[in-house]
Every structure is written in structure tokens, then in C-alpha cells.
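Before any comments, here is the structure.
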2 protein chains.
Amino acid sequence: MQRVEALRADMFEEICPSTLLPFRIGGDKWAALVLRCLEDGPRRFSELRVPLARVSPKVLTQSLRTLERDGFVLRTQYDEPVRRVTYELTGLGRSLLEPMRLMCAWAEDHWDELLDARES
Amino acid sequence: MQRVEALRADMFEEICPSTLLPFRIGGDKWAALVLRCLEDGPRRFSELRVPLARVSPKVLTQSLRTLERDGFVLRTQYDEPVRRVTYELTGLGRSLLEPMRLMCAWAEDHWDELLDARES
DNA sequence: CGGCGCAGTTACCAATTGGGTACCGTGCAG
DNA sequence: CTGCACGGTACCCAATTGGTAACTGCGCCG
């Protein structure tokens, strides 16, 4: 009944030793990962916690609040008896995905050079 | 006799309320500006201080050292009797300029939306 | 009634970042 | 001999970031 696939717990297992990358997207450390989680549509808080298990609820909330404040994410609270909240990309947020992909492309292209530089 | 134009003191006067931008390039706050100063060729420490007058020498040194460590900038010390040091972009550093320009383009395109979001 | 899932919040703590001010040694120019 | 430009260091401090652990209130399930 779900419109899109669930997020996988290992979504960020292998990628992104992100300290190597000379880019940062969004205000804080986890913003880029959150944005990627929202690519396919709205997600609930607890859905986001699955791939971002390494991030404590407090920190995830912080990240989401900042993203909301800056207009990249829309938070919606449903007043069904049982509490439900979703987060989704705004137009502005979605427009960030393309630059993000370009940066990932850059990083892939220059991966070896980055590693070389760090070793010495 | 200088190969390229001097850097202007007002180079960064008007632009970049950079806290608005959802991007960060390089490890620290000033890295992006330093890279832009080196676009046209090697520069001496004191040349860099002109447009970056707001940045104390200590902080500028930090920034340059990080950029050097990460392989984006090459530091060269000349053993002429009078002390001379230059900084220039490496190939890797130069390759960062293009993504930087893309991000600036993105920022210009979405400037209004960014402002709107921040106001509310 | 007990406990669980949801969507957080609160209190507290440690590390990192960012920055100011002052100072240093060398080599010239006057 | 004095002083200045150069390319930084040394020392200290404040703010921000990132993080843990514990707790909250609500509704539901059994």
C-alpha cells in the first residue's frame, strides 16, 4: 500500500567518508543525507531513522528543523488520532538535488587525487 | 611587470552573505574565497591579505594550510635572500572552480526563494 | 493495567571552529 | 641604529557543533 519503496537500513553504509569531500550541502553535517532520503517522496520521522540509525533523534530533529527553516523541507503534521508527521522536499529543496549530483560526480572523478592528497 | 592584475581590496565587499548559501566549499569558512583569489595565478601571502582584510593572518594561514594539506593549493617558498612565498592552485584545486561556479549559478537562480524562506 | 511505538524534548557534556592580540626573526632602506 | 615589510607563531578565549542518555505525552494493543 506504500507508494514508494521503504528506505533501506544500509543506504549509507558504504559511501561517503564525507570528511574527504570538499563540499557541504545544507547547514549541517547530515542535511545532504536527509535530502537524499526524501528524493522519492514524503517520509515519516521513523522512516528516516532507518537509514540514519547512526544519528540520534535529537540530531535528526535539529537537522530537519534547519532544513525546514531554510525552506528546503516541508513538515506536515496530521491530526489523525495517532500522531503522524511527514517531511518532504519543497521545490527549492528538490532543486538542490541536481547540484548535489554534480558534486558527487566531481567527487567520483577526483577520488584518487583526493586520496593521494590526504595520504601525504 | 606583474603578470596578472592585483587583487582588489573590495573584491568581496558586496557579495556572499554566505550563511544564506546551502553550500560550503573546502574545509573551512574562507576556503572558497581563497580559491577565487588564486584563479588568475600564484599569489603571495600579503597579496591575499588585501581582499581578505577581514580575516586575521592566523586564520588565513590556517585556511591555506588546510587547502595545502588537502591538495588544492601548492605552497612554494623561494630561498631568495628576501622572504617570499607563493600560493597557487593545483590541478585538483583548479578543478574545484567549475563546481563552484555551478553553485553560484544555482544561488543566483534561487536567490529570491532563499530570501523568502529566511524571512519567515 | 503494562508496555510499546511515535515523534520528539530536555539536560548535560566534549570537541571543533573561529577568532583576537601580540609577538617573532630575517633582510633591507634610510 | 631604527624601523618597516614579510610571513608567519604563540597564547588565549568564545561560540558553535555534535553527541549521549534519559525522559515525555499520547494513543493503542492485549
Side-chain angles (χ1 to χ4, degrees), chain A residues 2 6-7 9 12 16-34 37-38 42-70 73-88, chain B residues 2 6-7 9 12 16-20 22 24-34 37-38 42-70 73-88:
Chain A
Q2 222 168 338
L7 296 171
F12 298 123
C16 278
S18 61
T19 53
L20 262 181
L21 298 179
F23 308 110
R24 150 127 8 146
I25 303 197
D28 57 58
K29 196 171 170 184
W30 305 106
L33 301 189
V34 172
C37 290
L38 298 175
R43 300 285 185 184
R44 304 178 59 169
F45 189 79
S46 45
E47 286 186 277
L48 296 175
R49 295 214 59 196
V50 174
L52 299 171
R54 284 174 302 179
V55 183
S56 75
K58 186 201 96 168
V59 174
L60 182 55
T61 302
Q62 275 179 1
S63 206
L64 287 164
R65 290 282 190 273
T66 306
L67 254 6
E68 191 193 4
R69 187 204 61 188
D70 294 347
V73 158
L74 179 68
R75 178 179 184 276
T76 311
Q77 182 162 344
Y78 296 94
D79 282 341
E80 299 159 355
V82 55
R83 196 163 180 195
R84 204 161 71 85
V85 176
T86 66
Y87 297 90
E88 64 191 301
Chain B
Q2 220 167 340
L7 296 170
F12 299 122
C16 279
S18 59
T19 52
L20 263 181
R24 151 118 16 139
I25 303 196
D28 57 58
K29 197 170 169 185
W30 305 106
L33 301 190
V34 172
C37 289
L38 298 175
R43 298 287 184 181
R44 304 178 58 166
F45 188 78
S46 44
E47 285 185 279
L48 295 174
R49 295 214 58 197
V50 174
L52 299 170
R54 286 174 300 180
V55 184
S56 76
K58 188 201 96 169
V59 174
L60 181 55
T61 301
Q62 276 179 3
S63 206
L64 286 164
R65 291 282 190 272
T66 306
L67 254 6
E68 191 193 2
R69 187 203 60 190
D70 295 348
V73 158
L74 178 67
R75 179 179 183 275
T76 311
Q77 183 161 342
Y78 296 92
D79 281 342
E80 299 160 357
V82 54
R83 194 162 181 194
R84 206 160 70 85
V85 176
T86 66
Y87 296 90
E88 64 192 302

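We name chains A, B, ... by the order of the sequence lines, and we start the count at 1 in each one. For clarity, every value in this text was computed on a predicted model and none was experimentally measured.
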ask   = Measuring from B:Tyr87:OH to B:Leu48:CG, what's the distance to the nearest 0.5 Å?
value = 8.0 Å
key: Nearest heavy-atom neighbours spanning B:Val55 and B:Leu60   = CG1-N, 3.7 Å
Contacts of type side-chain contact (heavy atoms from CB on, under 4.5 Å), residue A:Arg24, not counting sequence neighbours = B:Arg24
inquiry  = Minimum heavy-atom separation for A:Thr86 and A:Arg44, please, with both atom names.
reply    = CG2-CG, 4.2 Å
key: Interatomic distance where CG belongs to A:Leu60 and C1' belongs to D:dT17 [whole Å]   = 16 Å
key: Nucleotides bounding contact with chain A, strand DNA chain C, heavy-atom threshold 4.0 Å   = C:dC6 to C:dA11
task = Please list, chain by chain and in numerical order, all residues satisfying salt bridge (Lys or Arg N to Asp or Glu O under 4.0 Å) with B:Arg84, sequence neighbours excluded.
result = B:Glu80
Check: protein-nucleotides 7-10 of chain D nitrogen or oxygen pairs below 3.5 Å:
residue	atom	partner	partner atom	Å
D:dG7	OP1	B:Arg44	NE	3.2
D:dG7	OP1	B:Arg44	NH2	3.0
D:dG7	OP1	B:Val85	N	3.4
D:dG7	OP2	B:Ser46	N	3.1
D:dG7	OP2	B:Ser46	OG	2.8
D:dG8	OP1	B:Arg75	NE	3.4
D:dG8	OP1	B:Arg75	NH2	2.4
D:dG8	OP2	B:Tyr87	OH	2.7
D:dT9	OP1	B:Arg65	NH2	2.9

Using nucleotides 1-5 of chain D, report all nitrogen or oxygen pairs with the protein that are shorter than 3.5 Å.
none

Residues that A:Arg75 engages under salt bridge (Lys or Arg N to Asp or Glu O under 4.0 Å), provided they are two or more places apart = none
message = Testing the basics here: between A:Pro57 and A:Arg49, what is the closest heavy-atom pair and its distance to 0.1 Å?
response = CD-NH2, 3.3 Å
task = Return yes if some donor-acceptor pair links the side-chain N/O of B:Ser63 with the main-chain N/O of B:Val59 below 3.5 Å, else return no.
result = no
remark   = Taken to the nearest 0.5 Å, the spacing of B:Cys37 SG from B:Phe12 CZ works out to 4.0 Å
key: Nearest-0.5 Å distance that lies between atom CG in A:Leu67 and atom CH2 in A:Trp30   = 14.0 Å
task = Find the distance B:Gln62:CD to D:dC11:P and express it as a whole number of Å.
result = 15 Å
